[in-house]
Visitor: 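Here it is, the structure, as structure tokens.
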2 protein chains.
Amino acid sequence: MTDQSEESAGELAAKLARLIAVRYPDEATRPGFAKLAQQIAEHSGTKISSTYLWELATGKKRNLTQGTLGTLARFFGVPPEYFLNEEVAARVDSQLELAAALRNNRVRSIALRAEGLSDETLDSILTMLSQARKIEKLPPLEEPGEAP
Amino acid sequence: MTDQSEESAGELAAKLARLIAVRYPDEATRPGFAKLAQQIAEHSGTKISSTYLWELATGKKRNLTQGTLGTLARFFGVPPEYFLNEEVAARVDSQLELAAALRNNRVRSIALRAEGLSDETLDSILTMLSQARKIEKLPPLEEPGEAP
DNA sequence: CGTGACCATCCGCTGTAGCGGATAGCTCGG
DNA sequence: CCGAGCTATCCGCTACAGCGGATGGTCACG
């Protein structure tokens, strides 16, 4: 175990897919790689071809260059380390889950109304949510704890 | 100020040079790019040619690939972001100064003996050092503070 | 004053990151 | 049913990351 950043098989592909999914939660409206490439160009001035985006998303190319790494990271609003460091990726991913959830207006208003309630009330609501998730066959969510 | 990671002209070259200088403080004993390449190979299993190292150090090539980025970072014991993020680079650089200083045996033993002393004593010693630096015409060192 | 060990530097090559331009499969409105 | 407009996918090309193998220079040793 001298190394700890290897076997990143199709990891990059998965990460890119996740970033896209979070940025465009509505699967129907989600742009294809062509439109995506165009948006990236408009956003960051630097251009990434649709073909190449597809190759990355499907794992056909994996060894990004400094430049494209930065362009992608800036567009998706994640630190460039997201693509390099698994630990950072995990931490960012939990944030991304939240961001994705807040795109759903109903979830957002629940969050807004939850703000300020007492801990006891929040706990009972949490219990209700867990029950609901179980009933609807959603995976339970683990709360991340501090690692000593 | 929409962007903040551009104009990295010969930045990478400078960073690499600094890393080498810190790792091999004695300029006389410092290995050339050939030996350096060999050491990297032994250390990380991955190989980087001496030619390429030279090209990087002289700024002839600058757009590293994910893989080589990781290899270099692991060898020099810095996070890969060191090469990407100026802010991280600055933070790490101050650590590097410390590491370089500790190579000097006398400095190291001062650091060791300072450990455990009361804050008041440390403060007065710091004052003495600042005075000494002024007398010997060395630049004063800024202590980095926490950014809220 | 060889010659062997190190060095920086250059040249030319290979592999692949990254691109532009097909193509074929969809779904829509007319 | 037929194009218009979208899509994913493929192919072949160019540019450059990265390499191996010269070259000539400077020391130290016998």
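Labels below follow one simple rule: chain letters A, B, ... track the order of the sequence lines, proteins then strands, and each chain is numbered from 1. Treat the numbers as computed from the prediction; the structure is a model and nothing was measured. Only this structure's heavy atoms are used, side chains among them; waters, hydrogens and symmetry mates stay out.
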Visitor: Quick check on DNA chain C: between A:Asn63 and B:Lys61, whose nearest nucleotide comes earlier from the 5' end?
Guide: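 Mapping each residue to its closest nucleotide by heavy atoms, the 5'-most match is B:Lys61.
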
Visitor: Return the value, rounded to whole Å, for the distance between atom CG of B:Leu53 and atom P of C:dT9.
Guide: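 Between P of C:dT9 and CG of B:Leu53: 13 Å.
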
Visitor: Take A:Gln66 and B:Glu55, find for each the nucleotide of DNA chain C with the closest heavy atom, and name the residue whose nucleotide sits nearer the 5' end.
Guide: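 Looking at DNA chain C, the more 5' nearest nucleotide goes with B:Glu55.
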
Visitor: To the nearest 0.5 angstrom, please state how far the CG atom of B:Leu19 sits from the CZ atom of B:Phe83.
Guide: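 Spacing of CG (B:Leu19) from CZ (B:Phe83) equals 5.0 Å.
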
Visitor: Distance from A:Lys35 atom NZ to A:Leu53 atom CG, nearest 0.5 Å?
Guide: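 Atom-to-atom, A:Lys35:NZ and A:Leu53:CG are 15.0 Å apart.
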
Visitor: Nearest 0.5 Å, please: how far is OH in B:Tyr82 from CG in B:Leu16?
Guide: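 Rounded to the nearest 0.5 Å, the CG-OH separation comes to 9.0 Å.
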
Visitor: With sequence neighbours left out, what residues match A:Tyr52 under ring pair (Phe, Tyr, Trp, His ring centres under 6.0 Å)?
Guide: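 Applying ring pair (Phe, Tyr, Trp, His ring centres under 6.0 Å) to A:Tyr52 gives none.
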
Visitor: I would like to know whether A:Leu36 and A:Ile48 meet side chain to side chain contact (heavy atoms under 4.5 Å, CB included); could you show each step before the answer?
Guide: CA-CA 9 Å; A:Leu36 188 60; A:Ile48 295 186; over 6 Å; no

Visitor: Atom CG of B:Leu36 and atom P of C:dC6: how far apart are they, to the nearest Å?
Guide: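 Answer to the nearest Å: 15 Å.
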
Visitor: For B:Lys35 and C:dC6, is the shortest distance between a side-chain N/O and OP1 or OP2 below 4.0 Å?
Guide: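 The answer is yes; a side-chain N or O of B:Lys35 sits under 4.0 Å from OP1 or OP2.
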
Visitor: Assign A:Thr68 to base, sugar-phosphate, or nothing according to its heavy-atom contacts below 4.0 angstrom with the strands shown.
Guide: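 Since only primed, P, OP1 and OP2 atoms lie under 4.0 Å of A:Thr68, the category is sugar-phosphate.
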
Visitor: Take A:Leu72 and A:Leu56 through the test side chain to side chain contact (heavy atoms under 4.5 Å, CB included) and record every step on the way to the result.
Guide: CA-CA 11 Å; A:Leu72 284 178; A:Leu56 292 179; 4.1 Å; yes

Visitor: Starting at CH2 of A:Trp54 and ending at C1' of C:dG21, how long is that distance when rounded to a whole Å?
Guide: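 After rounding, the gap between these two atoms is 15 Å.
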
Visitor: Can you give the first and last nucleotides of DNA chain D, 5' to 3', that have an atom under 4.0 Å from a heavy atom of chain A?
Guide: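 For DNA chain D, the relevant span reads D:dT7 to D:dC11.
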
Visitor: For A:Lys47 and C:dC19, give me the distance from atom NZ to atom P, rounded to whole Å.
Guide: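 Atom-to-atom, A:Lys47 to C:dC19, this comes out as 7 Å.
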
Visitor: Within this structure, what is the CG-to-P distance between B:Leu16 and C:dA8, rounded to whole angstrom?
Guide: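 To the nearest whole Å, that distance equals 12 Å.
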
Visitor: Out of C:dG18, C:dT9, C:dC7, which nucleotide sits closest to the side chain of B:Thr58?
Guide: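 The answer is C:dT9.
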
Visitor: Taking the six-membered ring of A:Phe76, is the NZ or CZ of A:Arg18 close enough (under 6.0 Å from the centre) and on axis enough (within 45°)?
Guide: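 No, A:Arg18 does not lie over the aromatic ring of A:Phe76.
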
Visitor: Just to confirm, is there a sub-4.0 Å distance from OP1 or OP2 of C:dG18 to any side-chain nitrogen or oxygen of A:Thr51?
Guide: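 No, no such contact exists.
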
Visitor: Between C1' on C:dG18 and CZ on A:Phe33, what's the gap in Å once rounded to a whole number?
Guide: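 The distance from CZ of A:Phe33 to C1' of C:dG18 comes to 15 Å, rounded to the nearest Å.
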
Visitor: In whole angstroms, how far is the C1' atom of C:dA17 from the CG atom of B:Leu69?
Guide: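 For the pair B:Leu69 CG and C:dA17 C1', the rounded distance is 15 Å.
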
